[in-house]
Amino acid sequence: MELIIQPDKHAIATLVADSITALIDRKPDAVLGVATGSSPLTVYDELARRYEAGQVSFARTQAFMLDEYVGLPAEHPQRYRNVIEAEFASRVDIPAEAVHGPDGLAEDIPTACRAYDEAIAAVGGVDLQILGIGTDGHIAFNEPGSSLASRTRIKTLTGQTRRDNARFFDDDLNQVPTHCLTQGLATIMSAKHLMLVATGDHKAEAVHQLAEGAVSAMWPATIMQHHPHATVLVDEAAGSKLQLAGYYREAYETKPAWQSL
Ligand code: F6R
């Protein structure tokens, strides 16, 4: 796992966008894994800017979402499908049919979840997965206690996650769904490159556990320690509890020029 401490979210977004554009350069039909929430927003801004500047095209890419709330009406602005459309897909040239997400309105949820994992496998898997992290250590919506071998399935959101996300629902906890469909930890781990973004001191403990804690279902993101190509990009605040911060900085500063992220 590579830890990169940057001054702010814009510096982080530049590095993630560099990796995505380099990937699309060498593989124009790349499969991207897209996250919702606040963390990736500056990445999407930077990708939209580069698309507008003619520096990258998403025309042949596909995108797979991490998760979706269960039961939100199709037109609800916080339905993750609509969020990804607004924040990313509508701002670049990715075709509408190339954006995939778990169906939070499916009548047969187990079948829909299986079909989602199969759809990811059918395109050869995700090449680069963007991730955020919850204050409770979740990635996608794999809450504490999630099986480290899980596949896409329904999960109950923790009270902590629902409180964290109430800001998207007029600060009204009652409006925040109680369940979601989420890629499992094994589904996420099958992506070829994981890039996790975290900013703010409320993420510091989760980032410390992710990189330096024991691998445990109590901090689901710790499974990333088993991934052969995981990059964690944090600002100073989110990196403030890292015990080996000095070493991570030194490793990044002295990284050989030929070694990409
Ligand atoms: C969203 C997702 C979640 C968020 C996490 C952090 O698709 O998968 O794991 O990445 O809850 O959310 P923010 O970025 O809003 O702090």
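Counting starts at 1 for both ligands and their atoms, in listed order.
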How close does the nearest protein non-hydrogen atom get to [atom], and which residue and atom is it?
{"atom": "atom 1 (C) of ligand 1", "value": "Thr36 OG1, 3.1 Å"}
{"atom": "atom 6 (C) of ligand 1", "value": "Ile133 O, 3.4 Å"}
{"atom": "atom 5 (C) of ligand 1", "value": "His138 NE2, 3.4 Å"}
{"atom": "atom 8 (O) of ligand 1", "value": "Asp67 OD2, 2.7 Å"}

Answer yes or no: is there an ion pair linking Glu2 with Lys255, defined by an N-O contact shorter than 4.0 Å?
yes
For Arg49, is there an ion pair with Glu46 - N to carboxylate O distance below 4.0 angstrom?
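A salt bridge is present here (some side-chain N lies under 4.0 Å from a carboxylate O).
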Give the atoms of ligand 1, by number and element, whose distance to some non-hydrogen atom of [X] is under 4.0 Å.
{"X": "Lys203", "result": "6 (C), 13 (P), 16 (O)"}
{"X": "Ser38", "result": "13 (P), 14 (O), 15 (O)"}
{"X": "Gly132", "result": "10 (O)"}

Minimum heavy-atom separation for [X] to [Y], with atom names?
{"X": "Gly125", "Y": "Val31", "answer": "O-CB, 3.4 Å"}
{"X": "Tyr116", "Y": "Gly101", "answer": "CE1-C, 3.4 Å"}
{"X": "Arg167", "Y": "Asp164", "answer": "NH1-O, 2.5 Å"}
{"X": "Pro7", "Y": "Asp235", "answer": "O-CB, 4.2 Å"}

Which one holds for [X] and ligand 1: side chain close, backbone close, both close, or neither close, with close meaning a heavy atom under 4.0 Å?
{"X": "His202", "value": "neither"}
{"X": "Asp164", "value": "neither"}
{"X": "Leu66", "value": "side chain"}
{"X": "Met65", "value": "neither"}

Does ligand 1 have any atom that is closer than 4.0 Å to a heavy atom of Arg167?
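Within the 4.0 Å threshold, so yes.
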In terms of ring plane angle, is the pair Phe88 and Tyr44 parallel, tilted or perpendicular, where the classes change at 30° and 60°?
tilted
Parallel, tilted or perpendicular: ring planes of Phe141 versus Tyr80, cut at 30 and 60 degrees
parallel
Quick one: do Glu143 and Lys155 satisfy salt bridge (charged side-chain N to carboxylate O under 4.0 Å, His left out)? Show the steps, please.
CA-CA 8 Å; Glu143 298 284 32; Lys155 281 298 284 184; over 6 Å; no
Going by heavy-atom distance to atom 3 (C) of ligand 1, choose the closest among Pro40, Ala140, Ala206, Ser39.
Ala140
